[in-house]
Amino acid sequence: MIWSRIAGTGSYLPERLVTNADLARTMDTSDAWIQSRTGIKERHIADASQSSSDMALRACQAALLAANLPASEVDLIIFATSTPDQIFPSSACLLQAKLGIKGGAAFDVQAVCSGFVYALSIADKFIRSGQNRCALVVGAEVFSRILDWNDRSTSVLFGDGAGAVVLRADSKPGILGSVLHADGSLAKILSVPGAVSGGKVIGSAFVQMDGQGVFKFAVRVLDEVARETLAQCRLGITDVDWFIPHQANVRIMDATAKRLGIPSERVVVTVDRHANTSAASVPLALDCAVRDGRIKRGQKILLAGVGGGFTWGAVLLEY
Ligand code: ACO
């Protein structure tokens with residue numbers, strides 16, 4: 001039987017660190033408000049010259065190094081992003097060229113903050129079918145470019161970054177199960193409604209959000225999809241060593257962990273340092289917990305995402 005297994009993880013954060021106090025100097029907000037409502041203390045913001053594929057390249061190079069594999073082994077790239085470098089070619093193709101490889105399949109996945117969970121689930125299917133042997137699955141975002149920095153209700157919530165995994169065919173279990181969902185009727189509660197037409201952006205090119213609507217929906221579906229994925233694998237929450245939910249807001253994560261019945265000591269939290277990096281948030285948190293030694297080989301990890309669309313999903317894996 002062919003399984004897909006994580007051979008290495010990597011991440012990248014842009015150099016520029018912006019604290020809540022920095023934001024309070026340019027808009028009517030405060031460190032106390034942001035921390036109490038979201039748990040966020042600081043975020044990294046990309047330089048004007050950096051694109052999603054530039055950051056993805058750094059994360060993928062780190063993941064390949066951790067896996068002890070050359071880029072030439074990669075025969076599939078799945079790139080989760082809502083902030084692609086350009087309309088086309090896909091950021092996955094641009095990344096492939098930057099890695100100096102060619103010939104394998106490469107495409108983007110657009111599922112906003114659930115993007116990495118979607119991409120990992122898809123890569124698992126490609127590998128388990130025997131079609132591919134070695135995939136780079138990456139989430140990378142420059143959300144800072146689609147934020148209205150005059151809108152304090154959205155701009156304080158997000159940051160930029162990238163996270164990646166090398167997923168390889170293996171005889172030992174890796175990804176144990178996954179579940180993906182979407183409900184397009186909820187498109188309006190979180191969107192960037194602008195579209196490019198005739199050389200112009202028609203409509204707003206900034207994030208629009210019904211914060212309380214997102215909050216309630218996210219907590220409910222993260223809990224539901226985590227349970228559905230555990231049931232698919234015939235496992236319970238007590239079998240899970242680490243829960244890595246989408247890093248949007250510490251209050252959403254706390255409420256979800258409480259509903260699921262997993263103690264907070266087993267939830268990986270990076271939103272305080274990275275803010276919400278959308279499709280990059282789950283692989284960034286995964287890489288942090290691998291590199292600081294919390295996540296060890298053989299442990300069971302539950303990843304869960306929720307984001308615009310609305311989309312949501314979870315992946316259960318043995319690291
Ligand atoms: N600084 C100071 N005050 C602010 C700020 C800010 N940055 N933003 C809003 N306020 C004010 C509002 O203007 C409002 O003032 P008013 O009472 O005078 O009208 C007050 O704070 C309360 O605003 P609410 O929007 O009601 O605040 P709420 O308690 O709902 O918190 C928040 C807002 C943090 C956005 C919350 O709704 C939330 O966490 N929602 C989840 C959204 C989220 O995480 N989105 C991420 C993207 S979605 C995803 O990744 C799945």
Side-chain angles (χ1 to χ4, degrees), residues 18-43 80-83 110-118 139-161 163 180-184 186-193 206-226 244-258 269-272 274-285 303-314:
V18 175
T19 64
N20 292 345
D22 293 331
L23 293 181
R25 277 191 277 279
T26 58
M27 69 176 87
D28 182 16
T29 190
S30 65
D31 178 46
W33 192 95
I34 300 171
Q35 278 209 52
S36 68
R37 303 291 170 116
T38 70
I40 297 166
K41 296 179 181 152
E42 57 196 29
R43 74 284 294 141
T81 188
S82 300
T83 48
Q110 222 293 29
V112 201
C113 305
S114 313
F116 182 78
V117 166
Y118 262 66
E141 302 275 17
V142 277
F143 246 64
S144 58
R145 310 233 168 109
I146 53 168
L147 298 172
D148 176 357
W149 289 98
N150 295 312
D151 175 6
R152 65 179 183 172
S153 67
T154 52
S155 58
V156 303
L157 303 175
F158 296 90
D160 300 333
L180 304 176
H181 290 295
D183 180 352
L186 297 170
K188 285 215 169 99
I189 65 171
L190 182 61
S191 66
V192 178
F206 294 129
V207 170
Q208 323 275 309
M209 183 182 76
D210 162 6
Q212 284 169 16
V214 168
F215 195 106
K216 284 185 207 135
F217 188 79
V219 172
R220 180 169 65 78
V221 298
L222 283 171
D223 171 45
E224 282 173 7
V225 79
I244 310 185
H246 168 48
Q247 308 283 312
N249 181 318
V250 105
R251 286 160 61 222
I252 293 179
M253 287 188 268
D254 283 349
T256 306
K258 205 168 158 200
V269 177
T270 52
V271 70
D272 52 335
H274 305 163
N276 181 348
T277 56
S278 190
S281 93
V282 167
L284 255 166
L303 311 176
V306 58
F310 246 74
T311 57
W312 64 103

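Since the structure is predicted, the reported quantities are computational estimates derived from the model, not experimental observations. Only this structure's heavy atoms are used, side chains among them; waters, hydrogens and symmetry mates stay out. Read the numbers this way: they start at 1 and go in the same order the structure lists the ligands and their atoms.
Taking atom 24 (P) of ligand 1 as the reference point, the nearest protein heavy-atom neighbour is Q212 NE2, 3.9 Å. For atom 32 (C) of ligand 1, the closest heavy atom belonging to the protein is W33 CH2, 4.7 Å. Nearest protein heavy-atom contact of atom 1 (N) of ligand 1 is T29 OG1, 2.6 Å. At the top of the distance list for atom 31 (O) of ligand 1, counting protein heavy atoms only, stands R37 NH1, 3.9 Å. Of the protein's non-hydrogen atoms, the one nearest atom 47 (C) of ligand 1 is N276 ND2, 3.4 Å. Protein heavy atom nearest atom 51 (C) of ligand 1, with residue, atom name and distance: V306 O, 3.2 Å. Closest to atom 35 (C) of ligand 1 among all protein heavy atoms lies M209 CE, 3.9 Å. Here the protein heavy atom with the shortest distance to atom 39 (O) of ligand 1 is N249 ND2, 2.4 Å.
In this structure, atom 5 (C) of ligand 1 has protein heavy atoms in its sub-4.0 angstrom surroundings. Closer than 4.0 Å to atom 17 (O) of ligand 1 lies none of the heavy atoms of the protein.
When the heavy atoms of A32, S114, G211, S278 are ranked by distance to atom 37 (O) of ligand 1, first place goes to G211. Taking each of L190, T311, I189 in turn, the one with a heavy atom nearest to atom 48 (S) of ligand 1 proves to be L190.
In M27, neither the side chain nor the backbone holds a heavy atom less than 4.0 Å from any atom of ligand 1. At a 4.0 Å heavy-atom cut-off, ligand 1 does not touch V112 at all.
Considering backbone and side-chain N/O of R152, one or more are found under 3.5 Å from N/O of ligand 1. Between I252 and ligand 1, no pair of N/O atoms sits closer than 3.5 Å.
The distance from ligand 1 to the heavy atoms of V214 drops below 4.0 Å at these ligand atoms: 42 (C), 48 (S).
Between A218 and ligand 1 there is no heavy-atom distance shorter than 4.0 Å.
T29 is linked by a side-chain hydrogen bond (donor to acceptor under 3.5 Å, both in side chains) to nothing, counting only residues two or more places apart in sequence or in another chain.
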> Passes salt bridge (charged side-chain N to carboxylate O under 4.0 Å, His left out), R251 versus D254? Steps please.
Replying inline: CA-CA 5 Å; R251 286 160 61 222; D254 283 349; over 6 Å; no
>> For a side chain to side chain donor-acceptor pair (under 3.5 Å) check, start with the C-alpha distance between E42 and T19, then their side-chain angles and the critical distance, and finish with the verdict.
In response: CA-CA 4 Å; E42 57 196 29; T19 64; over 6 Å; no
